[in-house]
Amino acid sequence: VQWSDGDKNPSRILSCDKNQTLEAQFKHVEKSELASKLRIRRFGSQMKAKDPMHWIEIINQSTEAIDLNGIILYDSPNGLVDTLFKASYAEMIAPLSSVIFVSRSHTSDVGDILHLPEGTKIYPLDFPIGFSPKHSFFLGDNKNRLVDSMIVDFPNSLFSHGKHFVCFFD
């Protein structure tokens, strides 16, 4: 960050005792060439504290197969950082199709719950333990460039409905 007064400190305390106008100029992360092709389609969660099912769907919107090797999923502030596929494990996502990443203990029952088409690829992913109402997902490529993002904020009014599934579409 660069402040209009020349200060380069990203976190600073502003004094309200003097009249001042400041602008912050941020350096934005570079976009990946996959940004128009690969995206987070939906995220869902079972609203319960113990062993909830979480899932995230990534879709290939292009007309060509995409190698998922090195694609990284970040979940801020919950701490999920996972390279979806390591270099030794080549995985392609077919054109106009999707893959589902689900909590490790629920990989066998997610297809029935979400009514997924037969043949949908399902992979385990270690989501943070328990239910979290806020997620900021960022999908990045192997050069730390932005592919897609999704902000999720479960409204408090949903909690009065019990331990149901909630799904957010982007």
Side-chain angles (χ1 to χ4, degrees), residues 1-49 52-64 66-87 91 93 96 98-104 123-161 164-170:
V1 71
Q2 168 84 30
W3 294 88
S4 56
D5 64 357
D7 193 330
K8 293 183 180 182
N9 188 354
S11 63
R12 84 189 262 195
I13 299 171
L14 300 176
S15 173
C16 296
D17 62 348
K18 59 183 175 181
N19 189 9
Q20 59 183 343
T21 302
L22 292 172
E23 283 186 20
Q25 299 163 346
F26 296 93
K27 180 179 179 187
H28 293 276
V29 68
E30 189 178 337
K31 273 196 167 183
S32 170
E33 65 271 0
L34 296 174
S36 62
K37 300 174 183 178
L38 200 62
R39 74 179 186 95
I40 300 170
R41 180 171 178 228
R42 62 183 169 160
F43 167 75
S45 184
Q46 186 178 19
M47 297 186 335
K48 67 179 192 176
M53 177 192 293
H54 302 298
W55 72 90
I56 194 159
E57 181 180 17
I58 297 173
I59 187 167
N60 176 357
Q61 300 181 128
S62 75
T63 57
E64 58 195 43
I66 294 177
D67 185 1
L68 291 178
N69 179 23
I71 298 295
I72 298 172
L73 179 68
Y74 301 92
D75 180 6
S76 176
N78 301 306
L80 173 70
V81 177
D82 198 359
T83 302
L84 300 179
F85 294 101
K86 310 296 188 237
E91 185 64 36
I93 180 170
L96 306 173
S98 65
V99 293
I100 301 279
F101 294 91
V102 66
S103 304
R104 194 168 294 280
Y123 299 98
L125 186 64
D126 292 321
F127 284 92
I129 296 171
F131 174 77
S132 177
K134 294 182 186 298
H135 297 270
S136 295
F137 291 110
F138 299 94
L139 200 59
D141 68 12
N142 55 7
K143 295 179 182 169
N144 287 329
R145 295 175 298 187
L146 178 66
V147 174
D148 194 23
S149 64
M150 179 186 226
I151 309 291
V152 174
D153 190 356
F154 291 95
N156 289 338
S157 60
L158 288 177
F159 301 129
S160 63
H161 297 290
H164 298 286
F165 288 96
V166 178
C167 186
F168 285 86
F169 286 84
D170 188 20

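This structure is a prediction, so every number in the text was calculated from the model and none was measured.
Scored by the side-chain contact (heavy atoms from CB on, under 4.5 Å) test, E33 finds R145 as partners (sequence neighbours excluded). Remark: N144 engages Y74 in a side-chain hydrogen bond (donor to acceptor under 3.5 Å, both in side chains) (not counting sequence neighbours).
The main-chain N or O of S32 is never found under 3.5 Å from a side-chain atom of D141 such that the two would form a donor-acceptor pair.
A salt bridge links K37 with E64: at least one charged nitrogen is closer than 4.0 Å to a carboxylate oxygen.
Residue R41 holds its CZ atom at 13.0 Å from CG of N60, rounded to the nearest 0.5 Å. If you take CG on D7 and CG on L22, they are separated by 9.0 Å, rounding to the nearest 0.5 Å. Summarising the geometry, atom CD1 belonging to I100 is positioned 4.0 Å from atom CD belonging to E57; distances are rounded to the nearest 0.5 Å. For the atom pair F137 CZ and S76 OG, the distance stands at 10.5 Å (nearest 0.5 Å). Between atom CD of residue Q2 and atom CD of residue Q25 there is a gap of 6.0 Å, rounded to the nearest 0.5 Å. Rounding to the nearest 0.5 angstrom, the gap separating the CG atom in D126 from the OG atom in S103 is 8.5 Å.
Ring orientation note: the planes of F43 and H54 are close to parallel, at an angle under 30° on the 30°/60° scale.
Heavy-atom minimum distance, I93 versus V99: CD1-N, 4.0 Å. When every heavy atom of L38 is checked against every heavy atom of V147, the shortest pair comes out as O-CG1, 3.4 Å. E91 and D67 make their closest contact through O-OD1, 3.3 Å (heavy atoms, listed as atom of the first residue, atom of the second, distance). Closest approach of F138 and S149 over heavy atoms only: CD2-CB, 3.6 Å.
Residue L139 forms a side-chain contact (heavy atoms from CB on, under 4.5 Å) with just one option from L34, I58, L146, and that option is I58. Considering I151, D75, D153 in turn, D75 is the only one that fulfils the side-chain contact (heavy atoms from CB on, under 4.5 Å) rule with H135.
When the shell of 6.0 Å around CD of E23 is examined, it contains 12 or fewer heavy atoms from other residues, nucleotides or ligands.
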